[in-house]
Q: 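Mind having a look at this structure? Questions to follow.
What you are looking at is a predicted structure, and each value in this text was computed from that prediction instead of being measured.
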Amino acid sequence: MQEKTVNQKGWLFVLPVLVLVAFSAVIPLMTVVNYAVQDTFAGEFFPLDDKLLWFRELLESDRMWEALQRQLVFSAIILAIEVPLGIFVALNMPRKGVWVSVCLVLMSLPLLIPWNVVGTIWQIFGRVDIGLLGHTLDQLGFRYNYTQDIFDAWATVIIMDVWHWTSLVALLAYAGLVSIPDAYYQAAKIDQASRWKVFRYIELPKMRGVLTIAILLRFMDSFKIYTEPFVVTGGGPGNATTFLSIDLVKMALGQFDLGPAAAFSIMYFLVILLISWVFYTVMTNLDKEGS
């Protein structure tokens with residue numbers, strides 16, 4: 001039997017990508033690890049038995065745990081709002097006709113706006129003197145001030161993120177809905193299934209794959225959020241909206257503590273990786289049980 005010839009020249013097409021990834025990801029990661037195990041100001045590596053000094057100090061720091069708590073609460077609120085809302089919007093979008101294109105374009109518009117522009121829009125929008133939202137609430141008698149009130153700051157950041165990213169969940173859910181064959185709906189109509197049963201036993205199982213992607217993307221994005229809250233509140237009032245990313249930037253650039261900041265970034269990355277893996281495992285197991 002003649003052996004099949006394997007052509008290894010295909011790796012030549014992948015090589016530029018590998019080189020680009022090495023410069024943009026691997027080498028910076030090595031630098032971060034290097035800073036995390038040494039005193040950057042003294043230019044000396046820690047002794048072998050004390051390599052994890054910065055990590056231990058961070059784990060004993062109330063500052064990091066408080067930022068982590070704020071970050072987890074924010075991500076939980078975002079997922080609790082955007083996923084059900086995105087599904088609701090997708091269920092009510094037209095499946096046929098000219099309005100399909102119109103709805104898809106309108107839903108895509110918020111996703112095209114850069115993050116810093118979104119923050120600037122809501123910073124102005126919420127101002128009491130010139131912002132439509134802030135001025136309207138002030139005229140109605142509400143004492144709204146996102147720069148001084150903790151609840152107002154959180155509400156502004158959450159509503160801003162919901163406005164910006166719910167479209168992503170809706171578009172992914174809509175992609176799952178339009179892939180469902182009409183035969184499923186015809187069978188449900190013959191069985192006189194209620195609207196809830198159609199959603200529970202036909203639409204939701206078919207959307208489970210895209211919803212897994214939506215939840216993972218929204219969790220990772222919300223857990224890494226930096227630009228929007230930094231532009232709107234600067235992490236305030238006080239430290240009320242100082243999430244992990246803002247605290248990390250303050251530590252690295254504001255205080256120039258490169259060693260602790262490097263250790264912080266590694267722990268930040270591992271937390272995102274761990275929680276994303278848990279999300280993916282749970283959703284995959286639910287999908288297997290459902291099938």
Q: Quick check, are the ring centers of W165 and F219 under 6.0 angstrom apart?
A: no
Q: Side chain to side chain contact (heavy atoms under 4.5 Å, CB included) for T156 and V232? Distances and angles first, verdict last.
A: CA-CA 9 Å; T156 303; V232 176; 4.1 Å; yes
Q: I'd like to check L68 versus W65 (side-chain heavy atoms, cut-off strictly below 4.5 Å). Are they in contact?
A: yes
Q: Once you measure the plane-to-plane angle for Y268 and F223, does it fall in the parallel (<30°), tilted (30-60°) or perpendicular (>60°) bin?
A: tilted
Q: Checking D191 side chain against A193 main chain: does a donor-acceptor pair fall under 3.5 Å?
A: no
Q: E228 side chain to M160 main-chain N or O, any donor-acceptor pair under 3.5 Å?
A: no
Q: To the nearest 0.5 Å, tell me how far L168 CG sits from I213 CD1.
A: 10.0 Å
Q: If two hydrophobic side chains count as joined below 4.5 Å and joins carry through other members, does L270 share a cluster with L59?
A: yes
Q: Take I124 and L132 through the test side chain to side chain contact (heavy atoms under 4.5 Å, CB included) and record every step on the way to the result.
A: CA-CA 8 Å; I124 299 174; L132 178 61; over 6 Å; no
Q: For W122 together with F125, are the ring centres under 6.0 Å from each other?
A: yes
Q: Run the side chain to side chain donor-acceptor pair (under 3.5 Å) test against T212 and tell me which residues pass, sequence neighbours left out.
A: none
Q: Going only through I, L, V, M, F, W and Y residues with side-chain contacts under 4.5 Å, is there a path from F269 to V32?
A: yes
Q: Kindly compute the distance separating CD1 (I215) from OH (Y280), expressed to the nearest 0.5 Å.
A: 13.5 Å
Q: Counting C-beta onward and ignoring hydrogens, is there a side-chain heavy-atom pair between H135 and D129 closer than 4.5 Å?
A: no
Q: Mind listing the closest non-hydrogen atom pair of L79 and P84 along with its distance?
A: O-CD, 3.6 Å
Q: Do F243 and L72 have side chains that approach each other closer than 4.5 Å (heavy atoms only, starting at C-beta)?
A: no
Q: Is the backbone N or O of P260 less than 3.5 Å from a side-chain atom of D257, with the two atoms forming a donor-acceptor pair by type?
A: no
Q: Considering all heavy atoms of both residues, which atom of A252 and which atom of L258 are nearest to each other, and what is their separation?
A: O-CD2, 3.8 Å
Q: Can you confirm whether K250 is buried at NZ, in the sense that more than 12 heavy atoms of other residues, nucleotides or ligands lie under 6.0 Å from that atom?
A: yes
Q: Taking N92 for its side chain and F88 for its backbone only, find out whether a donor-acceptor pair lies under 3.5 Å.
A: yes
Q: Do the side chains of E203 and R195 get close enough for a salt bridge, i.e. N-O under 4.0 angstrom?
A: yes
Q: Would you say the side-chain atoms of D182 and Q186 include a donor-acceptor pair closer than 3.5 Å?
A: no
Q: Does the side chain of W154 reach to within under 4.5 Å of the side chain of V73, using non-hydrogen atoms?
A: yes
Q: Backbone N or O of V157 within a donor-acceptor pair of the Y146 side chain at under 3.5 Å?
A: no
Q: Starting from I130, can I reach V231 by hopping between I/L/V/M/F/W/Y residues whose side chains sit under 4.5 Å apart?
A: no
Q: Does any non-hydrogen side-chain atom of V178 lie less than 4.5 Å from one of R95?
A: yes
Q: Identify the heavy atoms of A173 and A90 that sit nearest to each other, and give their distance.
A: CB-CB, 3.7 Å
Q: Residues sharing I246's hydrophobic cluster, by side-chain heavy-atom contacts under 4.5 Å among ILVMFWY, directly or via others?
A: Y226, F230, V249, L253
Q: Ignoring hydrogens and geometry, is there a side-chain-to-backbone donor-acceptor pair from Q71 to L244 under 3.5 Å?
A: yes
Q: Might you work through the side chain to side chain contact (heavy atoms under 4.5 Å, CB included) test for C103 and M93, ending with a clear yes or no?
A: CA-CA 7 Å; C103 289; M93 289 175 63; 3.9 Å; yes
Q: Calculate, to the nearest 0.5 Å, the distance between atoms CG and OG1 belonging to L248 and T242 respectively.
A: 12.5 Å
Q: Before accepting this row, confirm whether a basic side-chain N of the pair D221/R218 lies closer than 4.0 Å to the acidic partner's carboxylate O.
A: yes
Q: Is it true that, when you exclude F142 itself, more than 12 heavy atoms of the residues, nucleotides or ligands shown sit nearer than 6.0 Å to its CZ?
A: no
Q: Testing the basics here: between I78 and S222, what is the closest heavy-atom pair and its distance to 0.1 Å?
A: CG2-CB, 4.2 Å
Q: Could you state the interatomic distance from CG (L111) to CD1 (I113), rounded to the nearest 0.5 Å?
A: 9.0 Å
Q: Got a donor-acceptor contact below 3.5 angstrom from the S179 side chain to the G176 backbone?
A: yes
Q: Atom OH in Y174, atom OG in S167: separation rounded to 0.5 Å?
A: 14.0 Å
Q: So I225 and W115, do their side chains get closer than 4.5 Å, heavy atoms only?
A: no
Q: Does any part of the side chain of M220, heavy atoms only, come nearer than 4.5 Å to the side chain of I275, both counted from C-beta?
A: no
Q: Any sub-3.5 Å donor-acceptor pair from S61's side-chain atoms to E57's backbone N or O?
A: no
Q: Mind checking the CG-OG spacing from L217 to S276? Nearest 0.5 Å is all I need.
A: 9.5 Å
Q: Yes or no on side chain to side chain contact (heavy atoms under 4.5 Å, CB included) for D247 and R63, after CA distance, side-chain angles and deciding distance?
A: CA-CA 9 Å; D247 201 24; R63 170 181 173 178; 2.7 Å; yes
Q: So, do F55 and E60 sit near enough that their side-chain heavy atoms are less than 4.5 Å apart?
A: no
Q: Identify whether L106 and L172 are in the same connected component of the hydrophobic contact network (ILVMFWY, side-chain heavy atoms under 4.5 Å).
A: no
Q: Can you name the closest pair of heavy atoms from R70 and A240 and give their distance?
A: CD-O, 3.2 Å
Q: Strictly distance-based, threshold 3.5 Å: is any side-chain N or O of W54 a donor or acceptor partner for the main-chain N or O of Q38?
A: yes
Q: Is there a donor-acceptor pair closer than 3.5 Å between any side-chain N or O of T166 and the backbone N or O of W163?
A: no
Q: Are V210 and Y201 connected, step by step, through hydrophobic side chains (Ile, Leu, Val, Met, Phe, Trp, Tyr) whose heavy atoms are closer than 4.5 Å?
A: no
